[in-house]
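Single-structure report; data block below.
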Amino acid sequence: MQRQTVPGVAREPAVAQAPELPYRELFLALAEELPDAIFTKDLQGRYTFINSAGARFIGLPAEKILGRKDSALMGPEEARNTQEFDRQTLLAGRILRAEMSEWMAGVRREWLSTKGVLRRPDGQVMGLFGISRDLSDHRRSEAARNQSEALFRTATQSSFDAFFILRSEPEGLRLLHVNPHAEALLGCEARAAEGRLLSEFPHAAFIAPLPLCQEVWRTGKPHDEELKQVLPGHGHRWFRRQLNAVGECMSVMVRDITEHRENELRLRLNERMAAVGMLAAGVAHEINNPLAFVLSNLHYIEKELHRLKLVQSDMGEMMEAITDAREGAERMRGIVQSLRALARGDAVTTQPLDLHEVLDNSVQLAWGRLRSRGHLVRDYSDLPLVLGNSVQLSQVFVNLLVNAAQAMPDSGGGEIRVVTRQHSASMVRVEVHDTGCGIPAENLERIFEPFFTTKPVGEGTGLGLSISHDLVRGLGGELSVSSTPGVGTTFRVLLPVASEAVDEAPTQEEVH
Ligand code: ADP
């Protein structure tokens, strides 16, 4: 038996002055209906009354219990404990309560037992009464609740998502539960965060804005969305946020999906590039042959005109027309070569490249966007071959050139200068300068972040510079920026010269 006595207070029952009430019948009816065991015993410990619930607990019919003592009805230990409790109650002369755990009729039961003395109308003690409440179900459901709470905690502790439980209070949303990933989002340990208001963590308020919670509480419909958010020290991140109302509480799950989103977009971009590449290869192939005829025929016409020895004035105009036509056709050939370069080769192999050729191809590709915004200056110096991938580098330079063009005023008049220099023994440098709007300091540190864009929806993806940065890094180079708002911007690309890699390649003698 585990017993703990709880001091009880003997209260005078509030009885109405209605002596005609049939108390005996009332007591018996009530005792039969109650789920608790109710019994009385005389001073020798013999049962003088027991209700059906009590008889059921002991495991015998009431008539077999009446007139008998506990020692004849239950195990020796249980009987001893019960008799001891009876003795204490009679000694105390007042109500005592105890919680007990004992075997009864083959079942382990948890009891809340209340006992008090029974007196005759003249005050003389004639025995005792008892009420025993079976707490087993209550204990079981308490244990089940504790277990499910422990399971819930373990599940949320090991979750890869941030998980919060909030409760609506007049002062705002109070944090009731915070798992480890949620701690990271709040920037505060669960112990310190639980019990505080969400509004005390302004940078994390996005997880559950009050109007959104109110909407979820009002409609009862779970909320699920993806959103972009700036986190201090982490820049732009993408999150999936799920809110579910549970009574006056709100369960909030927040998953960081930035990487997934970036991969998805990259994949889509790669697919688009592959499709463009195939299209480019097809177009280039189709145009190449007729273009070759045009060029060779123009060359033939030019030669024939010289041979015909026409009047100088007629000759001049015709030669000018032919020169224009040849220039146009040459440009077309350049474009076809750029398209072929874009379509050629897989994106990971590197080889020694003439950087100026790659730059000229990129200019050709971006020319449509550059032409109207200003003039282009190529300031090239002698360079060794660089080690790179022409498709990837074209992608980088086209992106830098188009960004530069977009930074220029619509009216034109700006200048884009492409400068190439030997940077060190092992690196070359390409700079793309523009005289555009420049980049404010607060944006400058974020422009290489994926999705950072200041351009309108549909025009900017915010991925160009982030991808370019990765590509240049992947080639062993560096991409950096400097800018003065209102004056212009310079992007600088450092790339490794090919000789180093060539040096590392096996020599002829080593190849068998
Ligand atoms: P997008 O061009 O799709 O916006 P990028 O990653 O290429 O994505 O560029 C990110 C942002 O950097 C642009 O939205 C713009 O604000 C800024 N930016 C890039 N290049 C320049 C430039 N040459 N001049 C001014 N701002 C620039």
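Count residues from 1 along the sequence. Both ligands and their constituent atoms are indexed starting at 1 by order of listing.
The option with the heavy atom closest to atom 20 (N) of ligand 1, from among Thr490, Val402, Thr435, Asn403, is Asn403. Comparing Thr453, Val432, Ile439 by heavy-atom distance to atom 25 (C) of ligand 1, the nearest is Ile439.
Of all protein heavy atoms, the one closest to atom 12 (O) of ligand 1 is Ile447 CG2, 3.4 Å. Among protein heavy atoms, the minimum distance from atom 1 (P) of ligand 1 is reached at Gly462 N, 3.6 Å. Among protein heavy atoms, the minimum distance from atom 6 (O) of ligand 1 is reached at Leu465 N, 2.8 Å. Among all protein heavy atoms, the one lying closest to atom 24 (N) of ligand 1 is Ala407 CB, 3.3 Å. Taking atom 3 (O) of ligand 1 as the reference point, the nearest protein heavy-atom neighbour is Thr461 N, 2.8 Å. Nearest non-hydrogen protein atom to atom 2 (O) of ligand 1 is Lys455 NZ, 2.6 Å.
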Check the pair Arg429, His423 against side-chain hydrogen bond (donor to acceptor under 3.5 Å, both in side chains), reporting the backbone distance first and the verdict last.
-> CA-CA 5 Å; Arg429 183 172 82 232; His423 183 70; 3.0 Å; yes
Test log, rule side-chain hydrogen bond (donor to acceptor under 3.5 Å, both in side chains), inputs Trp238 and Glu226 = CA-CA 7 Å; Trp238 275 95; Glu226 292 186 359; over 6 Å; no
Do His181 and Ser159 pass the side-chain hydrogen bond (donor to acceptor under 3.5 Å, both in side chains) test, and can you show the C-alpha distance, the side-chain angles, and the key distance before you say yes or no?
-> CA-CA 8 Å; His181 278 80; Ser159 164; 6.0 Å; no
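Residues Val386 and Leu475 form no side-chain contact, since every pair of their non-hydrogen atoms from C-beta on lies 4.5 Å or further apart.
Of the possible donor and acceptor atoms, none in the side chain of Thr435 sits under 3.5 Å from a partner among the backbone N and O of Gly414. Without hydrogens or angle criteria, Arg109 side chain to Ser136 main chain gives no donor-acceptor distance under 3.5 Å.
A salt bridge does not link Arg473 to Asp470: none of the charged nitrogens lies less than 4.0 Å from a carboxylate oxygen. Residues Arg240 and Asp161 are not paired through a salt bridge, judged by the lack of any N-O separation under 4.0 Å between the basic side chain and the carboxylate.
In this pair, His469 and Phe448 present their aromatic rings tilted. The plane angle is within the 30 to 60° band.
Close contacts between ligand 1 and Phe452 involve ligand atoms 10 (C), 11 (C) [criterion: under 4.0 Å to a heavy atom]. Of all atoms in ligand 1, numbered sequentially from 1 with element shown, those under 4.0 Å from a heavy atom of Gly438 are 25 (C). Heavy-atom proximity to Thr454, at under 4.0 Å, picks out these atoms of ligand 1: 13 (C), 14 (O), 15 (C), 16 (O).
Inclusion of Asp434 in the set of residues having an N or O under 3.5 Å from an N or O of ligand 1 is warranted.
Ser468 does not count as a contact of ligand 1, since none of its heavy atoms falls under 4.0 Å from the ligand.
With a heavy-atom cut-off of 4.0 Å, Phe491 touches ligand 1 through its side chain alone.
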